[in-house]
Structures are given as C-alpha cells and as structure tokens.
Amino acid sequence: MTETPGRDPDVLTTAELATKLGLSPQTVRRMANAGQIPALKTGKDFRYSWQAVREVLRQPHRQPGEAAHDPTDQPKKGAGYRAQHRARTGAHDPTE
C-alpha cells in the first residue's frame with residue numbers, strides 16, 4: 001500500500017481494509033452497514049480507522065442466545081425478538 005502525502009496512514013479505504021483483514025470488500029461493507037465495525041460513510045463508500053477496527057475485532061464476541069455480560073446491554077424486545085422467543089420456547093408473550 002503506497003502512502004499519499006498528507007494522508008493519515010491509520011485511515012483506510014474499503015479495499016485497503018479488506019486486504020488487511022483477508023476479506024472481500026463486499027464483506028467489509030456489509031460489516032460496516034451492520035455496525036459490526038466502526039466506519040465513516042464518505043459519499044458512496046466508507047473510511048475506516050485501522051486502530052478502531054482492530055480494537056473492535058479484539059473484543060470477545062457473544063454467540064446468539066448467549067447471556068449478556070453487561071446488564072445494561074440487554075437485547076431489544078421488538079416483534080422479531082418475541083417471535084424468536086415463541087419459536088424457541090413455544091410460549092406466548094403476554095405483552096402482545
């Protein structure tokens with residue numbers, strides 16, 4: 001990767017970040033759109049801080065259905081949550 005004079009080497013394009021992570025640019029964009037990695041939308045594309053992305057990716061990941069470690073990090077209980085809960089338990093949610 002060649003550095004452009006005056007450009008912060010910590011700020012990467014989608015293609016540059018994809019290369020560093022060994023992923024496709026499409027996967028990186030999907031991760032940014034889903035909020036899985038920090039990104040700044042610039043027109044049609046994103047810019048990424050390599051340091052911020054590394055910090056996020058180093059955090060332990062929860063598996064679906066795993067209890068939250070932080071009590072303030074509770075899942076949102078919208079219609080999708082209720083449907084999944086009913087499917088898992090066979091129970092009816094009285095709040096509906």
Side-chain angles (χ1 to χ4, degrees):
M1 171 170 43
T2 10
E3 286 189 30
T4 306
R7 181 173 164 206
D8 185 348
D10 182 57
V11 178
L12 304 173
T13 65
T14 299
E16 292 167 341
L17 182 61
T19 300
K20 280 187 173 253
L21 295 176
L23 301 170
S24 73
Q26 183 179 17
T27 299
V28 171
R29 278 188 213 95
R30 285 181 183 159
M31 292 174 75
N33 278 321
Q36 295 172 320
I37 57 175
L40 176 67
K41 184 85 167 172
T42 56
K44 293 182 180 178
D45 206 5
F46 293 96
R47 292 295 180 267
Y48 311 86
S49 163
W50 174 237
Q51 182 178 355
V53 169
R54 279 187 12 212
E55 287 174 16
V56 167
L57 294 178
R58 286 182 176 162
Q59 298 299 314
H61 297 283
R62 286 192 336 223
Q63 294 298 320
E66 183 179 308
H69 298 290
D70 180 5
T72 61
D73 185 24
Q74 296 299 319
K76 293 181 180 160
K77 296 187 178 184
Y81 171 84
R82 290 191 297 267
Q84 289 177 356
H85 178 72
R86 278 194 314 272
R88 271 195 308 271
T89 63
H92 176 71
D93 188 346
T95 61
E96 291 183 328

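Contact record, K41 with F46: CD-CE2, 3.7 Å, taken as the closest heavy-atom pair. Listed here is the closest heavy atom pair of P9 and L12: O-CD2, 4.0 Å. Smallest separation of non-hydrogen atoms from P38 and V56: CD-CG2, 3.6 Å.
Within the 4.5 Å cutoff, the side chain of I37 has heavy atoms near those of the L17 side chain. Looking at L23 and M31, their side chains come closer than 4.5 Å, going by heavy atoms from C-beta outward.
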Start with the C-alpha distance between L57 and L21, add both sets of side-chain angles, then the distance that settles side-chain contact (heavy atoms from CB on, under 4.5 Å), and finish with yes or no. CA-CA 10 Å; L57 294 178; L21 295 176; 3.7 Å; yes
Using the rule given for side-chain contact (heavy atoms from CB on, under 4.5 Å), can you reason through T13 versus R47, listing the C-alpha separation, both sets of side-chain angles and the distance that settles it, and then say yes or no? CA-CA 5 Å; T13 65; R47 292 295 180 267; 3.9 Å; yes
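A distance-only check finds a donor-acceptor pair linking the side chain of D10 to the backbone of Q51 [under 3.5 Å].
Between the CH2 atom in W50 and the CD atom in E16 there is a gap of 11.5 Å [rounded to 0.5 Å].
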